[in-house]
S.K.: 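Before I ask anything, let me first share the structure, which is written out below as C-alpha cells.
Any value given below was found using the heavy atoms of this structure, including those in side chains, with hydrogens, waters and symmetry copies removed. Note that the structure is predicted; figures quoted are calculated from it, not measured. We name chains A, B, ... by the order of the sequence lines, and we start the count at 1 in each one.
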Amino acid sequence: MVLEYEVEEREIVRRGSEGDTKEAFDFSSKVTFYKKNAKETQSLLSQVSSSQITPSQDCKEIVESQCKYSLESDSDSENASISPGKYDISSYSFQLDPGQSKKQNIKRTYFACQKNPEQLKTSNLNEHITSILEVLEKNSHSQGEKWRAFAYGKAIRVLKNAKFKVNSVEDAKKLHGIGLKIQEKIQEILETGQLRRVQLESSDERTVTFNLFSQVFGAGPATVTKWYSQGFRTLEDLKQKAKLTYQQEIGLAYYEELQQKIPREEVTQIGKIVSDTAIAIVPGLKVVVCGSYRRGRQECGDVDILMTHKKTNCLTDLLPRIIQELEKVHFLTDHLTKIENTDKYMGVCQRAPGMPHRRIDIKLFPRHEWACALLYFTGSGHFNRSIRLWARKLSMSLSEHALVRRYSETEKGEPVPVKSEQEIFQVLGLKYQAPEQRDI
DNA sequence: AAACTGGGGGG
DNA sequence: CCCCCC
DNA sequence: GTTT
Ligand SMILES: [Mn+2]
C-alpha cells in the first residue's frame, strides 16, 4: 500500500510498506498542454458542466461571486469566454494522454487522497525511535541547521508511516530517507533504549539555550546565535541586557502564554469575535478561520483568519478599520505588524480578560485570489511546499496569490482562473484533498 | 556537488 | 538581512 | 541529515 508520495526529478518515489519503489514519470508528456501559449490554453476551456465540482460549504458562496468577478474584470480578454460555473477546468489537467491508463494510475496513486480517515490514523509503530529523533530534529532546528532538521523530519515521517515495527537496522535500511548516521542511531536506540547524543544535548548549555531563545517570537537562528555569543543564557538576561526588536519584546513578554496550545473551542470563539466585529464594520465580508483549525486540529498553535470582499482593494483602510475596532474592545492587545494601510496583520489577542494571550494572523485578499489564498492559509506548511514543488515540476508556480505558468525562473504567465481549491488540485492533476487530509 | 521543504512579505 | 506565515 |  502506498502511504506517501514524493516527486523527485523525473521519478516518483512510492513510499510503501515494503520499502520504496520508483517509477519513471514523464513530465514532458504530461504537460504538453502547457507548451501551448496562454491564449490557446484559455480557448481549451470547454463547455462541460462543472457539476462534478462541488465546492466545500466554506467557499461555495465565494466561488460563485468569484466567477462573476473574473467575468467583469476580464471582459475584454479571452477570459470572457468562460461562463460562470460552466467551464471545465479539467482541460487544464492531464487528459492529454488518456491512453496511458498506467500513468493515470500513477497520478491517482500518488496524489489521490488515498488517505481515508482510517488509513490516515494508523498508529505509529516506531514511537520508541521517532520520539528520540524528534528531539534531534528540534535541536537541529534551533541551531538553524535547516537541512539536517529536514532530514530528521523525513526519517521520522517514514518511520511513522511504516507498516511494520523497526526491530533491526536491516528493517530501517528498507526505508527511504534513513542513511548511515540515522541507522547507527537506531541501532543504539534498539540496543539501549536511548541515545547518548540526546542525553548529552539535553544537558548541553548551548543546545538548551538555543532551544530556549529560538522560541522567542521574532528571534531566528542569527539572533539566537548572537545572543548566545554575547553571553546571555536566560530570558531574564534578554529582558535586561539584550537589544530587542519590538516584536521580540512582545514575544518575550508573552513567552509562556504563546507556547500554550489553544483549544479548538477557543479558536471558534475568537473567530466569531473577529468575524462579528469585521462584518459589523464591512457588511458582506467573507471571513474564514484557516490554519490548523481548518485542518480539523483539536488544539491550535495560533489563530489564522482569512478575509475577502468583493470591493476588496488591498490599498484601502478596510483591515485597519477592523483592527482598530478589535483593539478598542481590548481584544487585540499588541501589534506585531504596522496597522496602517495593510492587508496582512500579525498580532496578539485575548479572548477575555484573564485568558491567555494568543497569536493571531489576519489576512485580507482580493476576491479573485480567494482559492489560492485559502489553500495557502490552510496549509500545512509542509503540504504547501509539497504542492508548490509539484506545480514547479509542471512548469507552473503556485503562490497564495495565483497559479501561473512558469516560462522561466523569472517569466511567468497570466494566472489560471481557478475559483476553488478543488480546481487548483484539478489543474495540477491531483485528486482533491480536504483540509483534514492536508495536516501532514 | 547540489538538491532537498516554496513563495511571498513585513520590519 | 532577518524573521515570519502556511 | 539523505539522495542522486
Ligand atoms: Mn498564524
S.K.: Round to a whole Å and report the spacing from CG of Leu159(A) to C1' of dG1(D).
M.R.: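 Taking atom C1' of dG1(D) as the reference, CG of Leu159(A) is at 13 Å.
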S.K.: What does Arg197(A) touch in the nucleic acid at a heavy-atom separation under 4.0 angstrom: a base, only the sugar-phosphate, or nothing?
M.R.: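 Sugar-phosphate: the residue Arg197(A), judged by heavy atoms under 4.0 Å, touches backbone atoms but no base.
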S.K.: With DNA chain B as reference, determine whether Tyr246(A) or Gly153(A) sits nearer its 5' end, using the nearest nucleotide of each.
M.R.: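 The residue mapped nearer the 5' terminus is Gly153(A).
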S.K.: So, Gln240(A) versus Glu236(A): side-chain donor-acceptor pair below 3.5 Å or not?
M.R.: yes
S.K.: Give the rounded distance in Å between these two atoms: CG of Leu195(A) and C1' of dG1(D).
M.R.: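 So the CG-C1' distance, Leu195(A) to dG1(D), works out to 14 Å.
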S.K.: Quick one: which of dG6(B), dG1(D), dG10(B) gets closest to the side chain of Ala151(A)?
M.R.: dG1(D)
S.K.: At 4.0 Å (heavy atoms only), tell me whether Arg438(A) reaches a base, stays on the sugar-phosphate, or touches nothing.
M.R.: nothing
S.K.: Across the strands shown, which category fits Lys338(A) at heavy-atom distances under 4.0 angstrom: base, sugar-phosphate, nothing?
M.R.: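 Here Lys338(A) touches the backbone only, sparing every base.
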S.K.: Quick one: is dG6(B) close enough that its OP1 or OP2 comes under 4.0 Å of any side-chain N or O from His382(A)?
M.R.: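 It does not, given that no N or O in the side chain of His382(A) lies less than 4.0 Å from OP1 or OP2 of dG6(B).
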S.K.: Is the phosphate of dG6(B) approached by Arg406(A) (side-chain N or O, under 4.0 Å from OP1 or OP2)?
M.R.: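 Result: no.
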S.K.: Hey, does Leu136(A) reach any base, or is it just sugar-phosphate, or nothing, if we go heavy atoms under 4.0 Å?
M.R.: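 No contact.
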S.K.: Which heavy atom in Gln350(A) sits nearest to a heavy atom in Met355(A), and how many Å separate them?
M.R.: NE2-O, 2.7 Å
S.K.: Just to confirm, is there a sub-4.0 Å distance from OP1 or OP2 of dT2(D) to any side-chain nitrogen or oxygen of Lys154(A)?
M.R.: no
S.K.: Can you confirm whether more than 12 heavy atoms, excluding those of Lys272(A), are under 6.0 Å from its NZ atom?
M.R.: no
S.K.: Rounded to whole Å, please give me the gap between NZ in Lys243(A) and C1' in dG11(B).
M.R.: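 So the NZ-C1' distance, Lys243(A) to dG11(B), works out to 12 Å.
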S.K.: Name the residue from Thr268(A), Asp302(A), Asp304(A) that meets the side chain to side chain donor-acceptor pair (under 3.5 Å) definition with Tyr293(A).
M.R.: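 Single pass found, and it is Thr268(A).
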S.K.: Checking Ser397(A) side chain against Val404(A) main chain: does a donor-acceptor pair fall under 3.5 Å?
M.R.: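 Absent.
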S.K.: Can you check the Leu175(A) CG to dT3(D) C1' distance for me, whole Å?
M.R.: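 So the CG-C1' distance, Leu175(A) to dT3(D), works out to 15 Å.
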S.K.: How would nucleotides 1-6 of chain C be written as a contact map, 5' to 3', with B for base contact, S for sugar-phosphate-only contact and - for no contact, using protein heavy atoms under 4.0 Å?
M.R.: -SSSBB
S.K.: In sequence, state the C-alpha distance, the side-chain angles, and the governing distance for Arg438(A) and Glu421(A), and then conclude on salt bridge (charged side-chain N to carboxylate O under 4.0 Å, His left out).
M.R.: CA-CA 12 Å; Arg438(A) 302 175 210 158; Glu421(A) 290 179 313; 2.8 Å; yes
S.K.: Write down the distance between CG (Leu403(A)) and P (dG6(B)), rounded to a whole number of angstrom.
M.R.: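 My rounded result for the distance is 17 Å.
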S.K.: Within this structure, what is the CZ-to-P distance between Arg157(A) and dC4(B), rounded to whole angstrom?
M.R.: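 Between P of dC4(B) and CZ of Arg157(A): 15 Å.
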S.K.: Please compare Arg392(A) and Leu336(A) by the position of their nearest nucleotide in DNA chain B and report the one closer to 5'.
M.R.: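 Its nearest nucleotide being more 5', the pick is Arg392(A).
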S.K.: Can you confirm if the aromatic rings of Tyr246(A) and His335(A) lie within a centre distance of less than 6.0 Å?
M.R.: no
S.K.: Between dG9(B) atom C1' and Leu364(A) atom CG, what is the distance in whole Å?
M.R.: 15 Å
S.K.: Round to the nearest Å and state the distance from Ile440(A) atom CD1 to dG6(B) atom P.
M.R.: 13 Å
S.K.: Look only at the side chain of Asn126(A) and the backbone of Ile156(A), and say whether a donor-acceptor pair between them is shorter than 3.5 Å.
M.R.: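 Such a contact is absent between Asn126(A) side chain and Ile156(A) backbone.
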